[in-house]
Amino acid sequence: MKYFLIIFLLFSLSLKATTIHVGKKHAIKSVKRGITLAKAGDTLIVHGGWYKEGNIIIDKKIVFLGKDLPVLDGEKKHEVLSIHADSVVVDGFKVIRSAYATITDPCGIKVYNKSHVLIQNNVLDDNFFGIYLQNSQNCIIKNNTLKAYGKEEQKLGNGIHCWKSKDILIIANRIDGHRDGIYFEFVTNSVIWRNIANNNIRYGLHFMFSNDDAYITNVFKNNGAGVAVMFTKNVKMFNNYFEENWGDSAYGLLLKEISDSYIFNNRFARNTSGIYMEGTSRIKVEKNSFESNGWGMKIQASCMENEIVNNNFLKNTFDISTNGSLVLNTFNANYWDKYEGYDLDKDGMGDVPYHPLSLFAVLTENTPSAMLLYRSFMITLLDKSEKVLPSITPDNFVDNKPLMKSLPL
């Protein structure tokens with residue numbers, strides 16, 4: 001009897017939910033009018049067309065569906081879509097031309113202090129901020145395309161911006177041309193998965209004060225810099241691609257004041273620096289590929305207790321660089337294509353330890369203009385001499401078990 005009552009109640013609730021259609025060929029022409037008529041639990045279907053209705057506010061739990069990609073146009077005057085209710089679904093819209101304002105941060109779509117909101121399958125074009133979660137939780141941002149066109153950092157917002165939120169999923173979005181592709185500040189227990197962030201002015205992904213998060217299988221290509229993780233702990237960074245992030249201060253991955261994190265099975269290719277580490281501790285860098293970068297890794301003297309193990313270093317101008325003589329980090333069982341040692345016992349590891357820090361890398365760290373001498377005979381001779389009789393490079397900056405063959409990563 002109890003189960004029958006439950007089924008009856010669920011059936012009764014489903015009967016109360018209705019579907020409202022908005023469009024030129026329907027009785028209701030206005031999106032705002034449709035929202036006003038809808039009740040909690042209803043579905044509002046907006047049919048293809050161009051809707052210029054200022055700031056559209058969703059203040060009740062509804063499923064907000066676009067059919068044939070209807071356009072919501074902020075006309076450069078308004079925040080386009082504001083969500084002030086829990087459990088809202090926004091699916092299938094083209095949201096364009098939000099206002100620009102540096103104090104109020106108008107957006108294409110913004111969620112205000114709510115939970116269980118799903119934003120998926122939308123196109124956001126030419127907005128100040130794209131999708132913004134403010135003090136929200138258990139929300140999903142999935143399969144959206146975000147594009148902006150500004151050329152100056154101060155005149156652009158971020159593609160997907162999350163502030164003071166938790167339990168967020170950012171999945172399979174494409175972000176192009178924003179200030180930061182994805183930005184996390186005070187965001188915890190969240191996952192960024194299968195996104196592509198290209199051509200963003202500052203960073204493809206930017207973390208600030210955001211602990212216990214993970215970003216997995218993303219592509220960060222041709223941004224001002226790939227990813228910056230700052231003032232953070234317990235971050236998992238797995239299976240990502242950091243590519244073509246070039247510039248005077250560009251990195252595939254910038255780590256600043258972070259600890260207790262894991263960098264596993266990523267590819268760093270054709271960046272000014274693959275990884276730049278400053279003030280980091282207890283970071284494990286394992287089974288990554290560093291290929292054709294200016295510097296594979298820059299590890300500043302402020303870093304300690306980091307472990308670099310089982311990585312491939314291939315065709316980098318410099319594999320490793322540092323700005324100090326004190327070495328408090330561990331290198332073990334990496335493959336270095338510049339290693340010229342031998343393996344008499346055939347155990348797959350070089351019998352002679354490898355010092356990955358070249359003399360010229362130390363010189364250019366202190367005097368960047370010395371790069372003019374790169375590939376000169378004199379520098380080659382100095383590097384060879386330094387390997388035989390180290391005098392400037394730290395003795396303990398060493399991989400005692402260098403691999404003879406690259407790892408199949």
Side-chain angles (χ1 to χ4, degrees), residues 217 236-243 252-253 261-271 273-275 277 280 282-299 303-322 325-365 374-375 377 379-409:
T217 319
K236 295 178 175 64
M237 309 170 230
F238 299 162
N239 309 331
N240 300 286
Y241 290 79
F242 304 81
E243 299 180 349
L253 173 59
S261 297
Y262 190 22
I263 302 171
F264 177 79
N265 199 39
N266 301 279
R267 183 171 187 260
F268 299 87
R270 300 177 301 282
N271 305 282
S273 297
I275 297 180
M277 303 172 71
T280 69
R282 298 181 301 280
I283 308 296
K284 188 169 186 179
V285 182
E286 182 178 15
K287 291 189 175 179
N288 302 280
S289 174
F290 298 87
E291 184 174 350
S292 301
N293 302 284
W295 286 263
M297 296 181 68
K298 281 191 171 185
I299 305 175
C303 301
M304 62 182 69
E305 298 181 65
N306 301 294
E307 183 181 2
I308 296 89
V309 58
N310 288 137
N311 302 281
N312 287 336
F313 290 86
L314 306 164
K315 298 185 286 187
N316 301 296
T317 304
F318 303 111
D319 290 326
I320 302 292
S321 181
T322 188
S325 58
L326 186 62
V327 180
L328 300 173
N329 307 288
T330 302
F331 296 85
N332 191 32
N334 299 283
Y335 174 76
W336 312 88
D337 65 350
K338 297 179 178 66
Y339 180 60
E340 297 175 346
Y342 47 84
D343 179 21
L344 296 179
D345 58 7
K346 304 298 180 183
D347 65 351
M349 296 183 180
D351 298 337
V352 179
Y354 179 61
H355 294 264
L357 184 63
S358 71
L359 172 61
F360 192 48
V362 174
L363 292 176
T364 54
E365 187 69 29
Y374 182 59
R375 296 191 187 281
F377 172 75
I379 293 299
T380 303
L381 184 61
L382 283 172
D383 268 340
K384 296 288 185 185
S385 302
E386 182 71 13
K387 283 182 168 58
V388 176
L389 295 170
S391 59
I392 295 178
T393 58
D395 289 342
N396 58 343
F397 210 116
V398 62
D399 189 333
N400 287 305
K401 297 180 179 179
L403 299 177
M404 297 302 295
K405 292 183 178 180
S406 60
L407 293 159
L409 302 179

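Everything numeric in this text was worked out from a predicted model, so none of it was measured. Excluded from the calculations below are hydrogen atoms, water molecules and symmetry mates; all remaining heavy atoms, backbone and side chain alike, are included.
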As an exercise, state the distance from [atom1] of [X] to [atom2] of [Y], rounded to the nearest 0.5 Å.
X: R267; Y: E243; atom1: CZ; atom2: CD; answer: 5.0 Å
X: N334; Y: I308; atom1: CG; atom2: CD1; answer: 7.5 Å
X: S289; Y: Y335; atom1: OG; atom2: OH; answer: 11.5 Å

For the side chain of [X] and the backbone of [Y], is there at least one donor-acceptor N/O pair under 3.5 Å apart?
X: N311; Y: F290; answer: no
X: N312; Y: L407; answer: yes
X: N265; Y: N239; answer: no
X: D399; Y: K401; answer: yes
X: N266; Y: N288; answer: no
X: N293; Y: R270; answer: yes

For a quick test of reading the model, state the closest non-hydrogen atom pair linking [X] to [Y] and the distance between them.
X: N271; Y: F242; result: ND2-O, 2.9 Å
X: G341; Y: M404; result: O-CE, 3.8 Å
X: S321; Y: W295; result: CB-CD1, 3.4 Å

Taking side chain to side chain contact (heavy atoms under 4.5 Å, CB included) as the test, write out the residues that go with [X], two or more places apart.
X: K236; result: A214, F238
X: T280; result: L255, I258, M277, I283, C303, N306
X: N400; result: P353, V398

Q: Applying side chain to side chain contact (heavy atoms under 4.5 Å, CB included), run through Y339 and L403 and close with a yes or a no.
A: CA-CA 9 Å; Y339 180 60; L403 299 177; over 6 Å; no
Q: Could you go through the side chain to side chain contact (heavy atoms under 4.5 Å, CB included) check for K284 and V309 one step at a time?
A: CA-CA 8 Å; K284 188 169 186 179; V309 58; 3.8 Å; yes
Q: List for me each residue that meets salt bridge (charged side-chain N to carboxylate O under 4.0 Å, His left out) alongside D319, sequence neighbours excluded, and say none if there are none.
A: K338
Q: Could you give me the CA-CA distance, side-chain angles and deciding distance for F331 and I320, then say whether side chain to side chain contact (heavy atoms under 4.5 Å, CB included) is met?
A: CA-CA 11 Å; F331 296 85; I320 302 292; 3.8 Å; yes
Q | ring pair (Phe, Tyr, Trp, His ring centres under 6.0 Å) involving Y241 - partner list, sequence neighbours excluded | A |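 Scan of Y241 (ring pair (Phe, Tyr, Trp, His ring centres under 6.0 Å), adjacent residues dropped) gives none.
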Q | Partner set under side chain to side chain donor-acceptor pair (under 3.5 Å) for D337, not counting sequence neighbours | A |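 Not a single residue meets the side chain to side chain donor-acceptor pair (under 3.5 Å) criterion with D337.
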Q | Worked check of side chain to side chain contact (heavy atoms under 4.5 Å, CB included) between M297 and F313 | A | CA-CA 10 Å; M297 296 181 68; F313 290 86; 4.0 Å; yes
